[in-house]
Amino acid sequence: MLIAEAVLADGRTIRVRTADAADAAEIVRLVRSAFGHRPPVDPPAAGLSDTVASVRDRLIDGFGLIAEVAGAPVASMLVEVREGAARLTRVSVDPTAQRLGIATLLVNAVLDLLALRGATTVDVEARVEFGYIAAWWGRHGFVPVGGGAHTLLLRRALPVVAEAATADEMQALGRRLAGLLVAGDVIIASGDLGAGKTTLTQGIGAGLNVGGPVISPTFVLSRVHPPLAEGPALVHVDAYRLGSFGELEDLDLEASLAESVTLVEWGAGIAEGLGPERLEIDIRRGLDPEDETRLVFLTALGPRWAGIDLNEVTR
Ligand SMILES: Nc1ncnc2c1ncn2[C@@H]1O[C@H](COP(=O)(O)OP(=O)(O)O)[C@@H](O)[C@H]1O
Ligand SMILES: [Mg+2]
């Protein structure tokens with residue numbers, strides 16, 4: 001099954017697909033070349049003693065992903081899922097294909113897939129000898145939660161996924177989300193042009209019962225929708241033209257933050273400075289261009305959201 005497709009910096013197309021038992025030998029080869037390329041450690045990486053039979057068993061028990069460039073495998077990983085808790089192992093990129101962003105593509109693909117399958121957390125282990133590897137996982141949202149003498153155990157929560165088949169369904173999702181929102185909340189909405197960020201925001205505005213109309217703020221950068229009755233205002237920002245948090249700060253959002261819900265479109269990489277507690281919404285289309293269905297990935301960060309089950313809004 002094709003999971004993801006992208007164009008590498010060098011112009012070649014890379015495809016990520018699920019692996020089946022027939023891929024075991026290829027995965028063993030990738031694991032050996034990737035792990036064998038690192039300086040030796042004691043005890044040796046477990047992956048170095050994998051066999052075709054052991055990998056095949058693990059592909060049948062769990063699953064695997066393979067990334068291919070022009071049909072040739074360049075990266076792979078094995079995945080286990082037990083009661084919503086996933087574990088990634090043998091994350092391997094062929095040494096000749098490193099530094100092209102392939103590992104990031106593979107990890108983002110597996111995070112999406114696991115979220116879609118309803119998993120809630122994902123773990124990975126990193127050898128303590130290779131601090132840069134733990135740091136790499138850290139940049140992908142994994143934080144240390146334990147470990148042993150030789151390994152660090154890293155974990156991240158997976159987003160909750162909602163599906164919106166039509167623009168109406170997207171607005172309905174926004175109305176349900178609004179039911180969870182209170183003054184002070186920050187939402188960062190991502191997704192390509194036309195993904196449905198503004199459509200979702202219209203639903204949020206309706207749910208919050210604020211003065212409209214909620215439209216794309218592209219030429220205005222920021223628009224305040226005052227509450228029509230009780231409740232917070234909606235501050236709707238478009239960060240598309242902004243290059244940095246400094247430029248966002250110039251909009252003086254801080255002044256209205258406490259009594260409003262602040263939603264920043266195109267805010268990823270810019271609006272995080274508004275606070276560590278936020279709701280991140282990433283809207284994506286599937287691989288089929290004919291299909292208008294959007295997948296909405298919801299990630300709530302910080303104590304503000306502890307105890308709130310986002311699954312409540314997904315249906
Ligand atoms: N399932 C869907 N969810 C959201 N929007 C959809 C959907 N199907 C079609 N659309 C249309 O796609 C467009 C999304 O535009 P918009 O919300 O402005 O996107 P963005 O703000 O992300 O650029 C709208 O014209 C909307 O009617
Ligand atoms: Mg928009």
Side-chain angles (χ1 to χ4, degrees), residues 120 141 143 156-162 164 170-191 195-218 220-283 296-314:
T120 54
V143 294
R156 67 162 279 168
L158 287 163
V160 163
V161 190
M170 186 66 85
Q171 292 202 358
L173 173 64
R175 282 194 297 275
R176 293 197 298 278
L177 262 176
L180 296 178
L181 299 174
V182 297
D185 281 345
V186 172
I187 303 173
I188 298 182
S190 324
K197 302 178 293 295
T198 300
T199 305
L200 179 75
T201 310
Q202 286 165 349
I204 291 175
L208 290 175
N209 191 24
V210 295
V214 173
I215 52 172
S216 179
T218 300
V220 180
L221 295 185
S222 156
R223 198 176 265 122
V224 181
H225 300 276
L228 296 175
E230 298 273 289
L234 173 64
V235 177
H236 184 198
V237 186
D238 195 314
Y240 186 64
R241 284 156 205 279
L242 303 182
S244 67
F245 180 61
E247 289 176 51
L248 189 69
E249 271 185 311
D250 290 344
L251 299 180
D252 212 15
L253 298 173
E254 315 266 350
S256 58
L257 213 54
E259 65 272 15
S260 315
V261 167
T262 304
L263 185 147
V264 187
E265 292 192 31
W266 301 102
I270 290 176
E272 288 81 1
L274 289 174
E277 301 201 286
R278 53 186 188 265
L279 181 63
E280 295 185 348
I281 302 180
D282 189 10
I283 307 177
V296 185
F297 292 73
L298 305 161
T299 307
L301 300 172
R304 144 78 179 101
W305 296 96
I308 293 181
D309 185 6
L310 289 172
N311 285 294
E312 279 171 32
V313 302
T314 62

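Only this structure's heavy atoms are used, side chains among them; waters, hydrogens and symmetry mates stay out.
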* Structure fact -> Residues Ala195 and Ile283: closest non-hydrogen pair is O-CG2, 3.5 Å

* Supply the atom-to-atom distance Leu181 CG to Ser260 OG, rounded to the nearest 0.5 angstrom. => 12.0 Å

* Least distance between heavy atoms, Val210 atom then Pro232 atom -> CG1-O, 3.6 Å

* Within a strict 4.5 Å, meaning less than it, do heavy atoms of the Val313 and Leu173 side chains meet? -> yes

* To do: Give a yes or no on whether the backbone of Gly191 and the side-chain of Lys197 come within a donor-acceptor separation of less than 3.5 Å.
  => yes

* Asked: Given the rule in the side chain to side chain contact (heavy atoms under 4.5 Å, CB included) test, do Val224 and Ser256 qualify, once you have shown the distances and angles that lead to the verdict?
  -> CA-CA 9 Å; Val224 181; Ser256 58; 5.7 Å; no

* To do: For a side-chain contact (heavy atoms from CB on, under 4.5 Å) with Asp185, tell me which candidate from Glu277, Arg304, Arg278 qualifies.
  => Arg304

* Distance from Leu221 atom CG to Leu242 atom CG, nearest 0.5 Å? -> 5.5 Å

* Asked: Is His225 reaching over with its side chain to a backbone N or O of Ala233, donor-acceptor style, under 3.5 angstrom?
  -> no

* Worked check of side chain to side chain contact (heavy atoms under 4.5 Å, CB included) between Val237 and Trp266 -> CA-CA 9 Å; Val237 186; Trp266 301 102; over 6 Å; no

* Structure fact -> Tightest non-hydrogen contact, residues Pro227 and Glu230, listed as CB-O, 4.2 Å

* Nearest 0.5 Å please: distance from the CG atom of Leu177 over to the CG atom of Leu208. => 10.0 Å

* Sub-4.5 Å side-chain heavy-atom contact between Ser190 and Glu280 -> no

* **Qualifying residues under side chain to side chain contact (heavy atoms under 4.5 Å, CB included), relative to Gln171, sequence neighbours excluded** => Arg175, Thr199, Gln202

* Leu310: side chain to side chain contact (heavy atoms under 4.5 Å, CB included) partners, not counting sequence neighbours -> Val160, Leu180, Leu279, Leu298, Ala300

* Structure fact -> In terms of heavy-atom contacts, Ser216 and Thr198 come closest through N-CG2, 3.7 Å

* Asked: Taking only residues two or more places apart in sequence or in another chain, which ones pass salt bridge (charged side-chain N to carboxylate O under 4.0 Å, His left out) with Arg156?
  -> none

* With the side chain counted from C-beta on, respond yes when Val264 and Ile270 share a heavy-atom pair under 4.5 Å apart, and no when they do not. => no

* Measure the spacing between CD1 of Ile188 and CG of Asp282 and express it to the nearest 0.5 Å. => 11.5 Å

* Structure fact -> Paired with Leu263, the side-chain contact (heavy atoms from CB on, under 4.5 Å) test is passed by just one of Ile204, Leu200, Asp238, namely Ile204

* Asked: Does the side chain of Glu265 reach to within under 4.5 Å of the side chain of His236, using non-hydrogen atoms?
  -> yes

* **Interatomic spacing from CG in Leu234 to CD1 in Ile187 - rounded to 0.5 Å** => 7.5 Å

* Given side chains that start at C-beta, do those of Leu274 and Glu254 come closer than 4.5 Å, heavy atoms only? -> yes

* Asked: Hey, what do you get for CG (Leu257) to OG1 (Thr262), rounding to the nearest 0.5 Å?
  -> 4.5 Å

* To do: State, to 0.1 Å, how close Gly205 and Val214 come at their nearest heavy-atom pair, and which atoms those are.
  => CA-CG2, 4.4 Å

